[in-house]
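Taking it in order: structure first as structure tokens, then the write-up.
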Amino acid sequence: MARRASSGGEPLFGPDFLTILERLDLIARQVLHGRRQALRPSSRKGSSVEFKDFREYSPGDDPRTIDWMVYGRLGELYVRLFRQEEELDLWVLLDRSASMNFGEPGTSKFDHARRIAAALTYIGMANMDSASLIPFDTETRPGLQRMRGKGQIFRVMSTLESLEPASRTDFVRAVQMFTSGAAARRPGMVVVLSDFYGLQAARTALDRLRFFKHQIHVIQLVCPWELDPPLRGELRLVDTESGAHQDLTITDSLLRRYKTAFEAFSADLRRYAMTHSVGFDRATTQTSFDEFVRGLLQRAGPGGLLA
Amino acid sequence: MTLLAPWALWFLAIAGAVVALYLLKIKRRQATVPALDFWLALAGRTRVHSLFERLKRLLSMLLWLMIVVGLALALGNPIVSLGRVKPRAIAIVFDNSASMQTIEGNASVGSDAPRQTSAQNPFTRFALARKAVDDLTLHRPVTDQWLLIEAAREPRVLAPWTYDTRSVRAAAASIQPFGGSAELQPAIELAKQLLAGKPDPCIVVISDGAAGALQPLASADPTIIPWPIGAATDNLGIARLAVRADRQHGNYRALLSVVNASDQKIDSQVTLRINGSASSVELLSVEPRATWEKTITIEPTGDIARNGGVLHALIDRPDALPLDNEAFAILQPIRPAVVWLVSSPETAFFFEQALGAMDPLVSPEDSLTMSLDQYEALAAATAGASGQAPITPPDLVIFNNCSPPSLPAARHVIYLNAWPEQLQAPAAGSLEAPQLFLAPRPHALTDHVTLQGARLTKARKVTLAESGGARVLAQTAAGDPLIVLFEHPDRQSLCFAFDILDSDLPFRNAFPLMLRNAVAFMHEDAPPYLPPEVRIGETVRPARPLPLGATTAQLAVLRDGATREAPTPVSDRSFTFTDTASAGAIRLIAGEETSFAAISLADGAESRIAPIVLPPDQDPAVRLSLSRGLLAFGGVPWVTLVLLVTALVVLEWLTFHFRWTE
């Protein structure tokens, strides 16, 4: 039988939580080989010290960019183009819908997601230009934006601890609200922590994030109950978000179909991510958050958080 | 079909509950899921509203209804008749008398069988009778009504009218052997009364014939169907062992009666033992189906005459009925009488001599001769001593030519030429030279006495009241009473209306004989605490109240050469003792008194074990239409129902399993 996790029970962040975060940060620094995360090159052309290309002068261009040496040789005005340097922001979008509150108390999907969110925010604050934590349900909720420096971690932890699961979720509307902000329109790294029920709506929301050139990484939270629900017999199933119910006879056959369908749902999400250059990971609540984050950091190539 | 326990139909109410639960839908367990739409997309075919699901639920409900109905019917213990044989009301009379403990076949001479109790030995007629009950009840239609009566000393209904043959068999299995004679006729009469109004009644008497008592009963009533048990006839048994104390001679007379129930002459012997020691051996030769009797004089030795003892008669010959091969009887103590002679010294000599010649009937040590004044002083002292008198109270007081002003305390008194007024037979004048004749009716007091020609000088003329309790033993030719015995509940008085010494009786044997008879007749002991004879199986209670303050009766059972103490609680100066299942003796010590009771079968009818023989057309199996076919199975349909219910439960479980694992 499914059990809804309560906010009580073991503390969300244990006494050694910060130690774990420091260890994860060290791993993140090793992965970055000492480079400042904020100096990532941008694909957009702009003004910086690193030359990228020439183009013909057109009225309105900054006359300081005219390459007089080329004019001397060719007699035509060309302006120099430089690779633009821009700041890299980390946005952690945390799903706080009721469906996230599944699992054993203290190890629910929501608890697991909050710990992962804290770890990623910490790494972002330490190694990137800024890190933001945005909880959402039917819309985005006030979170913590553009934090810099490790010292902000206590605010992050306090904010996460104060979060309670809401009722329903509307991922599309939440993303709309998120991208309506000017800061979020600038491309950055967006990590979405959710169970992604309602895959079609999730695709729409992720497409909108992709539209704003965000580097997206989705983390699907899964608890053991969802992988193998201990249900059998004549049951009344109640939706944890909407409260809608339905009487069903849960048979072995239905359970087998459920497991197959759940894996297919997860595979669809993974397939979407692969085909749209979106990073994907599945975090089960059985795996400790630091182990999950360590794997996320160390993974090279597409899908890796810092790749 | 008939239900033996119709109350079980109340369990059908559970069926209503089952239907209600299925109709109202059992409240489902609630489970919260993260995304209901996800499940609904998968489980479209498993919704409860689908027709297939409803059919499955309907099948489950029907199976449970069948299970409930099957269990209720099984609990109701139904009986089903195939209708081939009409139902009857059958009363079984079970003979559990002593002869039913006869051991049949070779087991009768075996070494093991007799050691078992009669209820356990499978070779006894008793066990065969139990099997007969089983045979009878198992092979009659289940629609028969049954009644079981035990024909013990008093008929007893062990199983009232019932269709449940198992209860009849259980009641038959609980019957215990009875060591006495069975009263078949009262049992049959009881069965007839209980059969009144029943359809096609019959009485099946399972018996060995009760020494021929059953045959005439069965011939007189066609509804009586004897069910013969047994075939053995070889039995030599003690039919009677009784002992009487002969006070006049100070010894015992034992009557021994032995019955030969077989068809062959038997030569054997009976060993008599007194208190465990061999006393004598009586050789006997008994003709077929005859009785041998002998009166044996037993001279007491040691303390037997004073303390009494147990006489044990034993036939050391194995036969079919070991129960009657031994018998016990009690030798009661013989106590000499204490006689007080109240007379003037001048006239006492003749009577003193007569009493002195009566040893051992009269105790010379304790008997006294005294004057009337001495008597009154001694009587007053004896009465005032309240049981602690230094002088033994008299059993008999003889007043010669005198009488006390009031009736003496002694219960037995002889008045010689004295006639107390309290006897309500006043003397009115005198008779001159009357002739003495014995009364025509004999009496123990006049045994061996001849008074013919006795000469009297004169006698008192006495007129007896009609309701005075007087019996004339001798009278004149005119009918005037001369020797009269007054018998009242608490007193016996023998009155002579003449002076003995003024007649020629002192020169004849008649008077000493009559005086001896009087001492023997009027001397009695208090009855013992235990009844001297107890039949096997009979409950023993004291014959008179035990001493005040007694809380435990010090009883002991003397059996098989051993003594087993059996203290028994006393309630209201009485007790109940039931360990009388086999022959032996019981000893009771109450205060300073020891008394015995003998436990014996000693019943000639039970020793005649030859069973009843029926002609072939009277075969009870034919008369009762016993069947060995399917009718026997009809008696246990509840077993079938239980099996059916079990199958239904398995089926329901399988469908349940199918429902969840399809």
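Labels below follow one simple rule: chain letters A, B, ... track the order of the sequence lines, proteins then strands, and each chain is numbered from 1. Atoms considered below: every heavy atom in the structure, side chains included; atoms not considered: hydrogens, waters and symmetry mates. Just so it is clear, the structure is predicted and the values come from calculations on it, not from any experiment.
- Distance check, rounded to the nearest 0.5 Å: CG of A:Leu231 to CH2 of B:Trp39 gives 5.0 Å.
- Within the model, atoms CZ of B:Arg29 and CG of A:Leu237 stand 10.5 Å from one another, a figure rounded to the nearest 0.5 Å.
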Step by step, would you call A:Tyr197 with B:Leu36 a side chain to side chain contact (heavy atoms under 4.5 Å, CB included)? CA-CA 10 Å; A:Tyr197 284 124; B:Leu36 181 62; over 6 Å; no
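- Across all their heavy atoms, A:Trp225 and B:Val33 have their closest contact at CH2-CG1, 3.6 Å.
- For A:Arg270, the CZ atom sits in a loose shell: 12 or fewer heavy atoms of surrounding residues, nucleotides or ligands are nearer than 6.0 Å.
- Applying the 6.0 Å contact sphere to CE of B:Met66 captures no more than 12 heavy atoms from other residues, nucleotides or ligands.
- From B:Leu40, atom CG reaches atom CG of A:Asp239 across 8.5 Å, with rounding to the nearest 0.5 Å.
- Across all their heavy atoms, A:Ser99 and B:Pro34 have their closest contact at CB-O, 3.6 Å.
- Atom CH2 of B:Trp10 has 12 or fewer neighbouring heavy atoms from other residues, nucleotides or ligands inside a 6.0 Å radius.
- When heavy atoms are compared at a cutoff of 4.5 Å, A:Phe265 approaches chain B solely by way of its side chain, counted from C-beta outward.
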